[in-house]
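Working notes, structure below.
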Number of protein chains: 2
Amino acid sequence: MNIVPAPRPPGRPRSAAVDTAIIETVLRLLEGGASMGELSMERIAREAGVGKATVYRRWPGKEALMLDVMRSLDEPGPAPAGVSLRDDLVTVVEFIRRRALAKRNSAILRAVVGHVQDHPDLWQEYHDTVIQGRRETLLTVLRQGMERGEIRADQDVELIADLFVGPMLARAVLHEWRELPEGLTERIVDTVLEGVRLPG
Amino acid sequence: MNIVPAPRPPGRPRSAAVDTAIIETVLRLLEGGASMGELSMERIAREAGVGKATVYRRWPGKEALMLDVMRSLDEPGPAPAGVSLRDDLVTVVEFIRRRALAKRNSAILRAVVGHVQDHPDLWQEYHDTVIQGRRETLLTVLRQGMERGEIRADQDVELIADLFVGPMLARAVLHEWRELPEGLTERIVDTVLEGVRLPG
DNA sequence: CCGTTTCGATACGGACCCGTCTCGTATCGA
DNA sequence: TCGATACGAGACGGGTCCGTATCGAAACGG
């Protein structure tokens, strides 16, 4: 099996604190309203109180650094209890609301969305790291509901998923100044479940 | 009343063709995947085949130029027939779908969304020019439906509006690679109207 | 024809950034 | 103690961009 015992290389080891300091600085700058294009490696190093070479020693360029910034956002998603469909949906959508409320996350979402075109793999990483897992959870919840006959199965599950997350995302991305008040999640979930039409 | 007969100023008049050529160039570049931060006045002038001074003679800076680019997108919104609530909703949402399909519009939406933080008035202009009118139309349709007792009035009309536009926007902005197929509008409208829950 | 302004082109100084490299110092294993 | 590497700081050449200024040519009114 050629097990390599991970021989510590000679010399002074790299400081893990520096890694996190750099990534944290990028997050702070994005949070403060900077767009990705405005972040220069030079400025990142300066604001992190770090030599430029120290940054380039770790990442070959801005794109690679940003990928690690994305990865640092990974966070365990919610685990729906699986008891009530309605409660599971609330759990998932409420998670989105809380994430969007964190300035950090929505700032980065906007930063990434604004650069989808130029850096496709950046979006891919964000998608895989931040979005995909949650969406899978939601799809699972919906499929369970379909199998139990609690929700209609005559529509694409992806479409139904968008019905639940779309409103919250639209508010977060498009009307970011608008509030995402407590209780919004429940209102969205219940209204989508019950429908808007009156049985008149 | 001191009516000034708009005396033509002396000298060579400005070419209107140059105005549109510059704005069109910006749109073309955005459409081609450039983000706002990557558009330099220098590059815009170069690609438009125009002297830099010619650009600065018209706009004091990039922000002002972008504002006029936004304004050039103004387009009469749909006029719902007012006969059927369902058809009116389809009209409004379908208009969003068609706009999002036009690469030009969604590229600019992303470009603007990505720079909300740094240029708030840019977003304001986009909001007023492109979004506001359509949303008013939608809110009017919904209020009509409420008065007629066709849809529930126990929820905020703004929330209900987001239920209809959110899914389409989420697809356009977040999953821009995903298709917005013909018929998607009707499926969204009908499903939101009827609800997702089965009357089991 | 003449004064005025716009046109494309381009030069200018100043600013920032890129990625590499070199300092002197610090921190590790041997 | 010694070799190796990382550290902050910053110099370096080469690039782009900013906003202004200056060309000669062109397009207008008088």
Side-chain angles (χ1 to χ4, degrees), chain A residues 4-26 28-30 32-69 111 114-115 118-119 122, chain B residues 4-26 28-30 32-69 111 114-115 118-119 122:
Chain A
V4 180
R8 162 88 90 88
R12 176 177 174 176
R14 293 195 186 164
S15 158
V18 169
D19 288 70
T20 67
I22 294 173
I23 289 184
E24 207 59 29
T25 298
V26 174
R28 182 172 54 81
L29 292 175
L30 288 178
S35 81
M36 261 193 52
E38 294 166 342
L39 289 189
S40 60
M41 295 295 263
E42 199 139 357
R43 182 167 164 212
I44 292 170
R46 208 185 319 130
E47 301 248 15
V50 142
K52 266 206 296 181
T54 303
V55 180
Y56 279 104
R57 198 174 291 121
R58 289 164 163 76
W59 298 279
K62 191 159 69 177
E63 176 116 353
L65 168 56
M66 289 301 166
L67 287 177
D68 272 358
V69 172
H115 292 73
D118 2 330
H119 307 287
L122 206 59
Chain B
V4 180
R8 161 89 88 88
R12 175 175 176 176
R14 293 198 185 161
S15 160
V18 168
D19 288 70
T20 65
I22 294 174
I23 289 184
E24 207 61 27
T25 298
V26 174
R28 183 172 53 82
L29 291 176
L30 288 178
S35 81
M36 264 194 48
E38 293 166 342
L39 289 188
S40 59
M41 295 295 262
E42 199 139 357
R43 181 166 164 213
I44 291 170
R46 209 186 317 129
E47 302 247 16
V50 142
K52 262 207 295 181
T54 303
V55 181
Y56 278 104
R57 199 174 292 122
R58 289 164 164 75
W59 298 278
K62 191 160 70 177
E63 176 118 351
L65 169 55
M66 289 301 167
L67 286 177
D68 273 357
V69 172
H115 292 73
D118 0 333
H119 308 285
L122 205 60

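So that the names make sense, note that chain A is the first sequence line, chain B the second, and so on, each numbered from 1.
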| Point-to-point distance, once rounded to the nearest 0.5 Å, from CD1 of B:Ile22 to OG1 of B:Thr54 | 7.0 Å
| query | Could you state the interatomic distance from CE (B:Met36) to OG (A:Ser35), rounded to the nearest 0.5 Å? | reply |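 Here the rounded value is 8.5 Å.
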Atom [atom1] of [X] and atom [atom2] of [N]: how far apart are they, to the nearest Å?
| X | N | atom1 | atom2 | value |
| --- | --- | --- | --- | --- |
| A:Trp59 | C:dC18 | CH2 | P | 15 Å |
| A:Glu47 | C:dC16 | CD | C1' | 14 Å |
| B:Arg14 | C:dG8 | CZ | P | 12 Å |
| B:Glu63 | D:dG19 | CD | P | 12 Å |
| A:Tyr56 | D:dC7 | OH | P | 16 Å |
| A:Met41 | C:dG19 | CE | P | 7 Å |
| A:Glu38 | D:dT16 | CD | C1' | 16 Å |
| B:Glu42 | D:dG15 | CD | P | 14 Å |

| Could A:Glu47 and A:Arg28 be called an ion pair, given the rule that one side-chain N must be under 4.0 Å from one carboxylate O? | yes
| query | Salt-bridged, A:Asp19 to A:Arg14, with N to O below 4.0 Å? | reply |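 Salt bridge absent between A:Asp19 and A:Arg14.
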| Watson-Crick/G-U partner (both atom distances under 3.5 Å) of D:dG3 | C:dC28
Please check the phosphate of [N] (OP1 and OP2 only) for any side-chain N or O of [X] closer than 4.0 Å.
| X | N | answer |
| --- | --- | --- |
| B:Arg57 | C:dC7 | yes |
| A:Thr54 | D:dA6 | no |
| A:Arg58 | D:dC7 | yes |

| task | Starting from the 5' end of DNA chain D, give me the residue, B:Pro10 or B:Arg43, whose nearest nucleotide shows up first. | result |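 Closer to the 5' end of DNA chain D: B:Arg43.
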| said: Taking the nucleotide of DNA chain D with the nearest heavy atom to each, does B:Lys62 or A:Val18 sit closer to the 5' end? | reply: A:Val18
| task | Select base, sugar-phosphate, or nothing to describe what A:Gly61 touches, counting heavy atoms under 4.0 Å on all strands. | result |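 Touches nothing.
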| Across the strands shown, which category fits A:Ala53 at heavy-atom distances under 4.0 angstrom: base, sugar-phosphate, nothing? | base
| query | Of A:Ser40 and A:Gly11, whose nearest nucleotide on DNA chain C comes first from the 5' end? | reply |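 It is A:Ser40 whose nearest nucleotide is closer to the 5' end.
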| query | For DNA chain C, whose closest nucleotide is more 5', that of B:Gly51 or that of B:Pro9? | reply |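 Result of the comparison: B:Pro9.
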| query | Given B:Leu39, which of B:Thr25, B:Leu65, B:Val26 fulfils the side-chain contact (heavy atoms from CB on, under 4.5 Å) condition? | reply | B:Val26
| Taking it one step at a time, do A:Lys52 and A:Ile44 satisfy side chain to side chain contact (heavy atoms under 4.5 Å, CB included)? | CA-CA 9 Å; A:Lys52 266 206 296 181; A:Ile44 292 170; over 6 Å; no
| Do B:Arg12 and C:dT5 share a donor-acceptor pair, side chain to base, under 3.5 Å? |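 No such pair is found, so the answer is no.
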| request: Assess whether one donor atom and one acceptor atom, taken from the side chain of A:Lys52 and the base of C:dG19, lie less than 3.5 Å apart. | output: yes
| Nucleotide of C:dC17, D:dC17, D:dG8 approaching A:Arg46 most closely (side-chain heavy atoms) | C:dC17
